[in-house]
Number of protein chains: 2
Amino acid sequence: METSTPRRRVGRAERERQILDAAVAVFSERGYQNASMDAVAERVGVTKPVVYTHFGSKEGLLLACVARARTDLLEVTAAAAAAAQGSEDMLRQGTKAFFDYLDTQRPAWTLLYSEAAISAGAGPALEEIRAQQTDFIAALLATQAPDADPQRLAGWSQVIVGACERLALWRGQDPRVSSEQATEYLMDLAWTGLAHLR
Amino acid sequence: METSTPRRRVGRAERERQILDAAVAVFSERGYQNASMDAVAERVGVTKPVVYTHFGSKEGLLLACVARARTDLLEVTAAAAAAAQGSEDMLRQGTKAFFDYLDTQRPAWTLLYSEAAISAGAGPALEEIRAQQTDFIAALLATQAPDADPQRLAGWSQVIVGACERLALWRGQDPRVSSEQATEYLMDLAWTGLAHLR
DNA sequence: GCGGTAAGTTACCACGGGTAACCTACTTGC
DNA sequence: GCAAGTAGGTTACCCGTGGTAACTTACCGC
C-alpha cells in the first residue's frame with residue numbers, strides 16, 4: 001500500500017510534534033512500562049533511532065510529554081483564574097478549569113497522574129508542576145489570610161493541590177462526579193475552612 | 001567470609017519475610033525500575049529463581065511489599081483513632097499516626113508513595129489502600145454532617161486523603177515540617193470547613 | 001541409612017532499551 | 001545544472017534483566 005512514498009523526509013520541529021503525539025497516545029494506552037520505543041516509532045512511521053536522536057532516551061521522551069502537558073495545563077488554569085473576579089472565584093474557576101482540562105485531554109491526564117509517576121526522572125518534573133500550582137495558590141490564600149505564617153500558607157496549598165489530584169483520580173473511576181461537583185467539594189472544605197480561620 | 005555455611009536451607013515463611021525485607025530496601029534505595037531481581041536475591045544470599053518461586057514476578061513481589069505496608073499502616077492508624085475520643089480527635093490522631101508511621105518507616109513510605117505508582121499492577125493495590133482510608137474517613141465525617149449527601153461525604157473524604165498524601169510528600173522534601181504541623185494544616189481547612197457547613 | 005520432597009542452583013531464552021556504522025533525500029554554492 | 005555537504009533515516013547489532021526449564025542437594029520421617 002502506501003503509494004510510492006519511498007522515504008519521506010520531514011523537518012525537525014514537525015517530527016518532534018509527531019513523536020510527542022504518538023508517545024502520549026502509546027504511553028497512555030499501554031502504560032509507560034509496557035510501551036516500547038519501537039511502538040512509538042512505528043506509530044510515527046519511522047524507526048527507533050529517529051526517536052532517540054530527538055529525545056535521547058525513553059525517560060527523556062516521557063519528560064518531554066510531561067513538559068508539554070504541563071505548559072498546556074498551566075495555560076488553561078491561569079487563563080481561567082485571570083478571568084475570574086475575587087480570590088474565591090479565582091480558586092474556584094482555576095480548579096474547575098483543571099478538572100475540565102483533564103476531562104478533555106484524557107490521554108494527557110493518564111500520563112500525568114497515572115503513568116508519569118513511574119519514571120524516577122519524571123518525579124521531579126511532576127513536583128515542578130505542583131510547585132507552580134502551590135505557589136499560585138499560596139499567593140491566592142495570602143490575600144485571604146494575610147497574617148498567616150508562610151509555612152502554614154504553604155501547607156494549605158499542599159492540601160489543596162493534593163485534594164485536586166485525588167479528586168481527579170476519583171472522577172476517573174466514577175464519571176458520575178461532574179467537574180462542578182468536584183470543585184464544590186474542594187471549596188466546601190478548603191475555602192469555608194479558610195474563611196473561618198481569619 | 002561467611003564461615004563454612006555451604007548451602008543453608010530455610011523454611012518457607014522465614015524466607016518470604018527475608019525476601020520482603022530485602023525487596024523493600026532494594027526497591028526504595030534504587031527505585032523499582034532500576035532494582036533488579038538479582039539484587040534482591042543477592043541481598044538475601046540466594047539466587048533469582050528462589051525469589052520467583054515465592055512471588056511469581058517482579059510485580060508480584062512489589063504487590064506483596066505494598067500489601068504488607070498496607071496492613072501495618074491500617075493497623076497503626078486504626079489504633080490511634082480508636083484511642084481518641086470524639087470525631088475531631090479521631091481524625092486528628094489518625095492523621096498524625098499516618099505521618100508518624102511514614103516517618104519511622106521511610107523505606108515503606110518511599111515504596112508506597114513514590115515507587116509503587118510505577119507498576120500498572122500496583123495501582124489497584126494503592127487504590128484499595130485509599131478506599132480503606134476514604135471509607136473510614138467518610139464514616140467519621142458522617143457523624144459531623146449527618147445530613148450530607150453520601151457523594152459529598154465521599155468527595156470530602158477524597159479531599160482529605162489526597163491532602164494527607166501530598167502533605168506526606170511535602171514533608172519528605174522539607175523535613176522542617178513536623179507531623180504535628182502537617183496534621184494541623186489539614187485540620188485547619190478540613191475540620192474547620194466541615195464545622196461551618198453544618 | 002534411605003528414599004521423597006522442599007529448597008536451591010546453573011544455564012539458558014527473549015525482549016526491549018540503547019548505539020555504531022552506514023545510507024540517501026534534499027539544499028547550497030558555483 | 002551538478003558536485004559536495006549535511007540533516008534525516010535505516011540496518012544490524014549489543015547487553016542487561018525479567019523469566020524459566022532442567023538438574024542437584026540438604027533435610028525429614030521412618
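Since the model is a prediction, treat every value here as computed from it, not as a measurement. In what follows, chains are A, B, ... by sequence order, proteins preceding strands, each numbered from 1.
A tilted orientation is assigned to the rings of A/Tyr185 and A/Trp170, their planes being inclined by 30° to 60°.
Side-chain N/O atoms of B/Arg15 and B/Gln18 include a donor and acceptor closer than 3.5 Å. A/Thr95 and A/Thr183 share no donor-acceptor pair across their side chains, judged by distance under 3.5 Å alone. A side-chain N or O of B/Gln173 and one of A/Glu127 form a donor-acceptor pair less than 3.5 Å apart.
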Are there any protein N/O atoms within less than 3.5 Å of an N/O atom in nucleotides 16-20 of chain C, and if so, which ones and at what distance?
unit_1, atom_1, unit_2, atom_2, d
C/dG17, OP1, A/Ala35, O, 3.2
C/dG17, OP1, A/Lys58, NZ, 3.0
C/dG17, OP2, A/Met37, N, 2.9
C/dG17, N7, A/Lys48, NZ, 3.1
C/dG18, OP2, A/Tyr52, OH, 3.0
C/dG18, OP2, A/Lys58, N, 2.8
C/dG18, N7, A/Lys48, NZ, 2.9
C/dG18, O6, A/Lys48, NZ, 2.8

Every protein N/O within reach of nucleotides 5-7 of chain D N/O, cut-off under 3.5 Å:
unit_1, atom_1, unit_2, atom_2, d
D/dA7, N3, A/Arg9, NH2, 2.4

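Under 4.0 Å is where a charged nitrogen must lie from a carboxylate oxygen, and between A/Asp21 and A/Arg17 at least one such pair does. Using a cutoff of 4.0 Å between basic side-chain nitrogens and carboxylate oxygens, A/Arg152 and B/Glu184 are scored as salt-bridged. The existence of a salt bridge linking A/Arg171 and A/Asp103 is confirmed by a sub-4.0 Å separation between a basic side-chain nitrogen and an acidic carboxylate oxygen.
At the phosphate of C/dA6, neither OP1 nor OP2 sits under 4.0 Å from any side-chain N or O atom of B/Arg15.
Atom pair B/Phe55:CZ and D/dG18:C1' shows a separation of 17 Å (rounding to whole Å applied). If you take NE2 of B/His54 and P of D/dG19, they are 16 Å apart, rounded to a whole angstrom.
Cation-pi geometry between A/Lys96 and A/Tyr101 is not satisfied (NZ or CZ under 6.0 Å from the ring centre, within 45° of the ring normal).
Using a 4.0 Å cut-off on heavy atoms, none of the residues of residues 16-28 of chain B approach DNA chain C.
Within a 6.0 Å radius of CD in A/Glu14, other residues, nucleotides and ligands contribute more than 12 heavy atoms.
No chain of hydrophobic side-chain contacts below 4.5 Å, direct or via other Ile, Leu, Val, Met, Phe, Trp or Tyr residues, connects A/Leu74 to A/Ile160.
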